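Worth knowing before you read on, the calculation uses all heavy atoms, side chains too, and leaves out hydrogens, waters and symmetry mates. A note on names: the letters A, B, ... follow the listed sequences, proteins ahead of strands, and every chain is numbered from 1. All values derive from a computational prediction rather than experimental measurement.
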There are 2 protein chains.
Amino acid sequence: MRAVRRPGAYVCGIDAAMDVIGGKWKVLILWALDEKPCRFGELRRSVPGVTEKVLSSHLKELEEDGIVHREEYAEVPPRVEYSLTPRGVALNEALDPLGAWGREHVQPGTPTHSPEGVAVAGSDPL
Amino acid sequence: MRAVRRPGAYVCGIDAAMDVIGGKWKVLILWALDEKPCRFGELRRSVPGVTEKVLSSHLKELEEDGIVHREEYAEVPPRVEYSLTPRGVALNEALDPLGAWGREHVQPGTPTHSPEGVAVAGSDPL
DNA sequence: CGGGATCCGTATGGATACTG
DNA sequence: CAGTATCCATACGGATCCCG
């Protein structure tokens with residue numbers, strides 16, 4: 001994963017934000033968590049195609065970035081719950097117009113929200 | 001670069017949008033073009049650190065995605081001008097809240113817009 | 001000037017097996 | 001269940017040379 005943050009500084013806020021959500025599955029993770037807090041296994045099912053390692057890495061980074069909160073319960077069947085922090089909620093809101101743009105301009109018919117993992121069929125309209 | 005579009009389809013609009021702006025320098029390019037149409041050389045100067053090849057690739061992809069328009073003038077000193085399409089303008093607008101989020105949450109003090117010498121004091125090309 | 005072609009290093013992500 | 005460890009593939013980005 002991103003070994004370390006961009007050394008110097010960001011050129012702009014978008015640049016900075018992109019560094020946070022740059023992972024391949026991050027926005028999908030955020031999206032799933034936007035619905036409800038999730039356990040690791042749930043998340044894995046909600047984000048089809050992601051592997052444990054990558055999911056784990058992404059979650060760790062999102063946690064470091066203050067986007068998700070990780071609550072660990074020291075129980076016998078280990079239980080961990082991930083949820084969005086206020087900052088994460090704000091990020092998701094900021095992401096909304098971008099999602100609208102994507103739906104409008106690149107993939108008409110894309111669902112608005114389907115954390116269960118629905119994939120639409122369709123081709124590039126361009 | 002992205003050899004081909006994501007095989008199946010996108011899970012959501014954000015997912016789709018991310019595929020469009022996923023390149024390392026794309027948002028910076030968009031940002032520069034948001035100010036004014038630019039020639040290749042200008043762009044290269046506006047996006048410090050990017051190499052010709054990558055800039056070229058990114059521009060080509062952005063063009064394929066209908067984000068930028070490429071106007072080629074068959075003159076003796078070859079001249080090409082890149083500009084944002086309406087779709088590109090819309091994308092930039094959709095990116096705005098994300099930029100605001102980034103400025104607020106990850107890099108306080110990041111400038112709002114400075115496409116001229118995008119280099120912020122102290123910024124360091126990777 | 002505006003790139004295309006080539007070669008190459010690295011970061012990112014994937015598969016699988018294993019552990020607390 | 002919730003990860004970690006290891007190995008591996010490749011996409012991405014960079015340097016350089018070259019051409020219209």
Side-chain angles (χ1 to χ4, degrees), chain A residues 1-7 11 15 18-29 32-33 37-65 68-83, chain B residues 1-8 11 15 18-29 32-33 37-65 68-83 124-126:
Chain A
M1 208 94 307
R2 164 193 68 206
V4 66
R5 288 234 165 267
R6 301 274 282 272
V11 172
D15 193 19
M18 289 298 295
D19 194 35
V20 170
I21 57 173
K24 186 173 180 182
W25 309 95
K26 292 211 180 150
V27 297
L28 267 11
I29 295 172
L33 289 179
C38 276
R39 304 177 56 176
F40 190 86
E42 289 181 277
L43 233 28
R44 190 174 25 172
R45 266 169 270 124
S46 293
V47 184
V50 71
T51 60
E52 284 102 339
K53 180 193 135 187
V54 173
L55 179 54
S56 176
S57 312
H58 283 189
L59 283 170
K60 199 171 295 178
E61 290 184 8
L62 290 170
E63 196 193 346
E64 286 170 9
D65 290 334
V68 313
H69 171 69
R70 183 196 139 105
E71 189 69 42
E72 186 169 348
Y73 303 92
E75 302 172 355
V76 176
R79 202 163 70 95
V80 178
E81 274 215 344
Y82 294 92
S83 55
Chain B
M1 210 93 301
R2 164 192 67 203
V4 66
R5 287 229 166 270
R6 299 275 281 271
V11 173
D15 193 19
M18 289 298 295
D19 194 35
V20 171
I21 58 173
K24 186 174 179 181
W25 308 94
K26 293 214 181 146
V27 299
L28 267 11
I29 295 173
L33 289 179
C38 277
R39 303 180 53 177
F40 191 87
E42 289 181 277
L43 235 28
R44 189 174 26 169
R45 266 168 270 123
S46 294
V47 184
V50 72
T51 60
E52 284 100 340
K53 179 194 134 185
V54 173
L55 179 54
S56 177
S57 312
H58 282 191
L59 283 169
K60 197 171 300 179
E61 290 184 7
L62 290 170
E63 196 193 345
E64 287 168 9
D65 290 334
V68 313
H69 171 70
R70 181 196 143 105
E71 188 70 41
E72 186 169 346
Y73 303 91
E75 302 172 355
V76 177
R79 202 163 69 96
V80 179
E81 275 215 344
Y82 295 92
S83 55
D124 193 41
L126 298 180

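Taking 4.5 Å as the limit, every side-chain heavy atom of B/Val54 sits out of range of all side-chain heavy atoms of B/Lys24. With a 4.5 Å cut-off on side-chain heavy atoms, A/Ile29 and A/Tyr82 do not count as touching.
One can place CG of A/Leu55 at 10 Å from P of D/dA2, the figure rounded to the nearest angstrom. Residue B/Glu52 contributes atom CD, which lies 11 Å from atom P of C/dC1 at whole-angstrom precision. Atom CG in B/Leu59 sits roughly 10 Å away from atom C1' in C/dG3 (whole-Å rounding). In this structure, CG of A/Asp19 is placed 9 Å from P of C/dT12, rounded to the nearest angstrom. The NZ atom of A/Lys26 sits 8 Å away from the P atom of C/dG13 (whole-angstrom rounding). Atom CZ of A/Arg44 and atom C1' of D/dT4 are 13 Å apart (whole Å).
Residue A/Arg39 is classed as a sugar-phosphate contact, given heavy-atom separations below 4.0 Å to backbone atoms only. The residue B/Pro78 sits close to a base: some heavy atom pair falls under 4.0 Å. Across all strands shown, A/Arg70 has heavy atoms under 4.0 Å from sugar-phosphate atoms exclusively, and none from any base. Contacts of A/Tyr82 with the nucleic acid, taken as non-hydrogen atoms under 4.0 Å apart, involve only primed sugar atoms and P, OP1 or OP2.
Close to C/dG4, at under 4.0 Å from its OP1 or OP2, lies a side-chain N or O of B/Ser56. An OP1 or OP2 oxygen of D/dA11 is reached within less than 4.0 angstrom by no side-chain nitrogen or oxygen of A/Lys24. Put simply, A/Lys60 has no side-chain N or O that comes within less than 4.0 Å of OP1 or OP2 on D/dG3.
Where A/Val80 and B/Val50 each meet DNA chain D at their nearest nucleotide, the meeting point lying more 5' is that of A/Val80.
Listed nucleotides D/dC1, C/dT6, C/dG13 differ in distance to A/Lys53; the shortest reach to its side chain belongs to C/dG13. Considering only side-chain atoms of A/His58, the nucleotide from C/dG14, C/dG13, D/dG3 that sits closest is C/dG13. Of the candidates C/dG13, D/dG14, D/dG3, the closest approach to any side-chain atom of A/Val54 belongs to C/dG13. In the set D/dG3, C/dG13, C/dG2, the nucleotide with an atom closest to the side chain of A/Trp25 is C/dG13.
Interatomic distance, CG of B/Leu55 versus CZ of B/Phe40, reported as 4.0 Å (0.5 Å rounding). The distance from atom CH2 of A/Trp25 to atom CG of A/Leu59, rounded to the nearest 0.5 Å, is 13.5 Å.
Applying the side-chain contact (heavy atoms from CB on, under 4.5 Å) criterion to A/Glu71, with sequence neighbours excluded, gives A/His69, A/Tyr73.
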